[in-house]
*Asks:* 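There's a structure below that I have some questions on.
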Amino acid sequence: MFQRGQADAEADTLNAFYYRHYFPYRRGYDQMRRRLLRPGVQMSSRPHLLRWSLGIILIVAIGYIGWQQFQPTPIEPPPPTSVAVEPTATQPPTRTPVFPSATPRPTPTATVIPTLQKGSTAIVTTAGLRARRDPTTNARVVANFHEGERVTILDGPTEADGYTWWQIKGESGTGWSAERSAKGEEWLRLAE
């Protein structure tokens with residue numbers, strides 16, 4: 001930047017931005033200008049460029065200051081004024097609505113869902129429900145019930161292998177069947 005300032009001073013051109021913002025440029029420019037202005041040193045043949053540059057900078061600065069002065073300032077709206085209107089004979093009085101208070105809702109009572117139990121009748125809700133000899137998935141299949149078949153629950157429940165097992169008896173035979181699938185799909189439902 002220092003050399004650039006010297007070169008611009010020799011060419012009699014001033015970069016106003018560099019001069020304002022870069023100290024090395026300003027120092028190089030000023031040193032060269034002082035050396036050139038000493039007696040016996042020939043000035044550049046273009047002194048008018050310096051005058052023009054300074055003139056433009058001055059015009060821009062004055063324009064900016066004037067522009068700042070004439071910027072509109074935001075005006076806040078006046079506060080609202082309230083005007084009281086007296087009711088006339090033809091105008092009905094204004095009523096304030098009264099909202100009903102919150103009514104407490106009754107506490108829901110627990111509904112007992114009938115479940116399978118020993119001695120009750122159930123309906124098979126899936127096609128091909130297998131009945132096993134024992135309540136485990138490793139036991140041998142002894143019967144195969146069809147969908148909609150009514151069965152009697154003989155024994156249970158027994159928990160094994162992640163299932164709830166019931167011993168059931170129907171037209172297709174007798175054996176242990178799971179009440180639901182592992183995903184929760186119902187296989188046996190209490191008959192109405």
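It should be emphasised that the depicted structure is a prediction, and the values quoted were computed from it without experimental measurement.
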*Asks:* Roughly how far, to the nearest 0.5 Å, is CG of Asn15 from NE2 of His21?
*Replies:* 10.0 Å
*Asks:* If I compare all heavy atoms of Trp166 with all of Glu179, which pair ends up nearest, and what's the gap?
*Replies:* NE1-OE1, 3.2 Å
*Asks:* Search all heavy atoms of Arg150 against all heavy atoms of Ala191 and return the closest pair with its distance.
*Replies:* NH1-CB, 3.0 Å
*Asks:* Measuring from Trp165:CH2 to Asp134:CG, what's the distance to the nearest 0.5 Å?
*Replies:* 9.5 Å
*Asks:* Identify the two heavy atoms, one from Gly173 and one from Ala143, that lie closest to each other, and give their separation to 0.1 Å.
*Replies:* CA-CB, 4.1 Å
*Asks:* Is Thr125 reaching over with its side chain to a backbone N or O of Glu186, donor-acceptor style, under 3.5 angstrom?
*Replies:* yes
*Asks:* Is it the case that the side chain of Asp161 and the backbone of Tyr163 share a donor-acceptor pair, with hydrogens and angles ignored and the cut-off at 3.5 Å?
*Replies:* no
*Asks:* Side chains of Ser53 and Thr13, heavy atoms from C-beta outward: is any pair under 4.5 Å?
*Replies:* no
*Asks:* Is the count of non-hydrogen atoms from other residues, nucleotides or ligands lying under 6.0 Å from Tyr22 atom OH greater than 12?
*Replies:* no
*Asks:* State, with a plain yes or no, whether a side-chain heavy atom of Glu147 is found less than 4.5 Å away from one of Thr126.
*Replies:* no
*Asks:* Drop me the distance from Gln6's CD to Met1's CE, to the nearest 0.5 angstrom.
*Replies:* 13.5 Å
*Asks:* Both conditions, 6.0 Å and 45 degrees, for the charged tip of Arg4 above the ring of Tyr25: are they met here?
*Replies:* no
*Asks:* Measuring from atom CD of Glu149 to atom CG of Asn144, what distance do you get when rounded to the nearest 0.5 angstrom?
*Replies:* 9.5 Å
*Asks:* Let me confirm one number: the CZ-CH2 distance from Arg180 to Trp187, rounded to the nearest 0.5 Å.
*Replies:* 11.0 Å
*Asks:* So, taking the atom named CG in Leu190 and the one named OG1 in Thr121, what distance separates them when rounded to the nearest 0.5 Å?
*Replies:* 8.0 Å
*Asks:* Of all heavy-atom pairs between Ala131 and Ser177, which one has the smallest distance, and what is that distance?
*Replies:* CA-OG, 3.5 Å
*Asks:* Between Pro135 and Ala160, which heavy-atom pair has the shortest distance, and what is it?
*Replies:* O-CB, 3.2 Å
*Asks:* Do Phe17 and Ile56 sit in one hydrophobic cluster, given that two such residues count as connected whenever their side-chain heavy atoms are within less than 4.5 Å of each other, even indirectly?
*Replies:* no
*Asks:* On a heavy-atom basis, which atom in Val142 and which in Gly175 lie closest, and how many Å separate them?
*Replies:* CG2-CA, 4.0 Å
*Asks:* Under a 4.5 Å cut-off applied to non-hydrogen side-chain atoms, are Thr174 and Ile168 in contact?
*Replies:* no
*Asks:* Going by side chain to side chain contact (heavy atoms under 4.5 Å, CB included), Tyr29 matches just one of Arg26, Met32, Arg33, Gln31. Which one?
*Replies:* Arg33
*Asks:* Taking CD in Glu171 as the centre, count heavy atoms belonging to other residues, nucleotides or ligands within less than 6.0 Å. Is the count above 12?
*Replies:* no
*Asks:* Kindly work out whether a path of hydrophobic side-chain contacts (I/L/V/M/F/W/Y, heavy atoms less than 4.5 Å apart) joins Ile123 to Leu116.
*Replies:* no
*Asks:* Could you tell me if the side chain of Leu188 sits less than 4.5 Å from the side chain of Val124, heavy atoms only?
*Replies:* yes
*Asks:* Are the side chain of Arg133 and the backbone of Arg140 linked by a donor-acceptor contact shorter than 3.5 Å?
*Replies:* no
*Asks:* Is any side-chain heavy atom of Leu129 closer than 4.5 Å to one of Val151?
*Replies:* no
*Asks:* Under a 4.5 Å cut-off applied to non-hydrogen side-chain atoms, are Asp30 and Tyr19 in contact?
*Replies:* yes
